[in-house]
Amino acid sequence: MNAQKFTLQPFKSDNLLPNVQIIGNIARNDHQLMITYSLIGNLTDIMIAPPSDTPTRKDGLWEDTCFEFFVGIQDSECYWEFNLSPSGHWNLYRFTGYRQGMETETALTTLPFHIDHQAEIFTLHLDVDLVKIVASNQDIDVAITTVVKQKNHQVSYWALAHKGDEADFHLRDSFLIRL
């Protein structure tokens, strides 16, 4: 099993929340990918959607607090964007190249993840079988990101690294974890 810990960095901005951090770990075992995010600190100013009784696939989740990751096949322009809302809603998109050919990925029909929300820590854990989109013998490059929306509607963008002049999670240079 290949496993790594991570710490996300906020994109330089005036809208940053003091005393908040996003850490986690990611691991791949054959075709299983496990990722855990922990949003830690004073969460009272962050908009965290309450759990939905009927979580479904939804568009536009990145407009609110949303945990995301991107999976690219090594030496290919093709990649996938996974969106996970604290509400339980989710989506998965396939791209043929940098922000090109975006389509809803229908190979996966559910992304069941678990949430634990306490006063000063919000944890999200996903265990997903990638076999329908990535062969187990293919190396993947992963970018781990989060959009944090505050109650004052300011938004901050968090990633392993920010390689552009603007916050842009799709930049392949930011797919820093190889599994």
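Side chain to side chain, N25 and Y37 fail the donor-acceptor criterion of an N or O pair below 3.5 Å.
Across all non-hydrogen atoms, the minimal contact from L8 to W158 is O-CE3, 3.6 Å. The two residues L108 and F82 have their closest heavy-atom pair at CD1-CE2, 4.3 Å. Between D30 and R28, the shortest heavy-atom contact is O-NE, 2.9 Å. Considering all non-hydrogen atoms of both residues, D173 and K163 come closest at O-CE, 3.5 Å.
A heavy-atom distance below 4.5 Å is found between the side chains of I48 and P86. Here the side chains of D45 and N152 are not in contact, with every heavy-atom distance at 4.5 Å or above. Here the side chains of I177 and I144 are in contact, with some heavy-atom distance below 4.5 Å. Here the side chains of Y98 and D168 are in contact, with some heavy-atom distance below 4.5 Å. Considering only heavy atoms from C-beta on, I26 comes within 4.5 Å of L179 through its side chain. Side-chain contact between Q32 and L130 is absent, with no heavy atoms from C-beta onward closer than 4.5 Å. In this structure, the side chains of E81 and E68 come closer than 4.5 Å at one or more pairs of heavy atoms. Side chains of T145 and F69 form no contact here, defined as non-hydrogen atoms less than 4.5 Å apart.
The number of heavy-atom neighbours closer than 6.0 Å to CD of Q21, taken from other residues, nucleotides and ligands shown, is above 12. Residue-environment remark: CG (D116) exceeds the threshold of 12 foreign heavy atoms within 6.0 Å.
In the hydrophobic clustering, V131 connects to no other residue, as no ILVMFWY side-chain heavy atoms lie under 4.5 Å from its own.
With ring centers used as reference points, F70 lies under 6.0 Å from H170. Note: F169 and F11 fail the aromatic proximity criterion, with ring centroids not under 6.0 Å apart.
I46 is not connected to I23 by any chain of hydrophobic side-chain contacts under 4.5 Å among Ile, Leu, Val, Met, Phe, Trp and Tyr, and they are in different clusters. Hydrophobic clustering (ILVMFWY, side-chain heavy atoms < 4.5 Å, transitive): V155 and W62 are in one cluster.
In this structure, CG in L171 is found 7.5 Å from CZ in R99, a value given to the nearest 0.5 Å. Interatomic distance, S85 OG to W90 CH2, rounded to the nearest 0.5 Å: 13.0 Å. The structure places CD1 of I140 at 5.5 Å from CG of L33, a figure rounded to the nearest 0.5 Å. Rounding to the nearest 0.5 Å gives a distance of 11.0 Å between CD1 of I35 and CD of Q4. In this structure, the separation between OG1 on T104 and CG on N91 is 5.5 Å, given to the nearest 0.5 Å. For the atom pair CG of D64 and NE2 of H153, the computed distance is 9.5 Å after rounding to the nearest 0.5 Å.
With hydrogens and angles ignored, the 3.5 Å screen pairs a side-chain donor or acceptor of E105 with a backbone N or O of A107. No donor-acceptor pair under 3.5 Å is formed between the side chain of S38 and the backbone N or O of I40. A donor-acceptor pair is defined here as one N or O able to donate and one able to accept, closer than 3.5 Å; no such pair exists between the side chain of T146 and the backbone of F67. H162 contributes a side-chain N or O that, together with a main-chain N or O of Q9, makes up a donor-acceptor pair within less than 3.5 Å. Counting only distance, with no hydrogens or angles, the side chain of R172 and the backbone of S174 share no donor-acceptor pair below 3.5 Å.
Looking at D141, D139, D75 one by one, the single match for salt bridge (charged side-chain N to carboxylate O under 4.0 Å, His left out) with R178 turns out to be D141.
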| request: Run the numbers on V20 and V148 for side chain to side chain contact (heavy atoms under 4.5 Å, CB included), then give the verdict. | output: CA-CA 10 Å; V20 172; V148 175; 5.9 Å; no

| query | Given the rule in the side chain to side chain contact (heavy atoms under 4.5 Å, CB included) test, do Y93 and N83 qualify, once you have shown the distances and angles that lead to the verdict? | reply | CA-CA 9 Å; Y93 305 97; N83 296 162; 3.4 Å; yes

| message | Between L124 and T36, is the side chain to side chain contact (heavy atoms under 4.5 Å, CB included) condition met? List the steps. | response | CA-CA 6 Å; L124 183 149; T36 301; over 6 Å; no

| task | Run the numbers on R57 and H89 for side chain to side chain contact (heavy atoms under 4.5 Å, CB included), then give the verdict. | result | CA-CA 6 Å; R57 172 174 266 175; H89 299 307; over 6 Å; no

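Ring orientation note: the planes of F95 and Y79 are close to parallel, at an angle under 30° on the 30°/60° scale.
Under the side chain to side chain contact (heavy atoms under 4.5 Å, CB included) criterion, Q138 pairs with I73, V134, A135, sequence neighbours left out.
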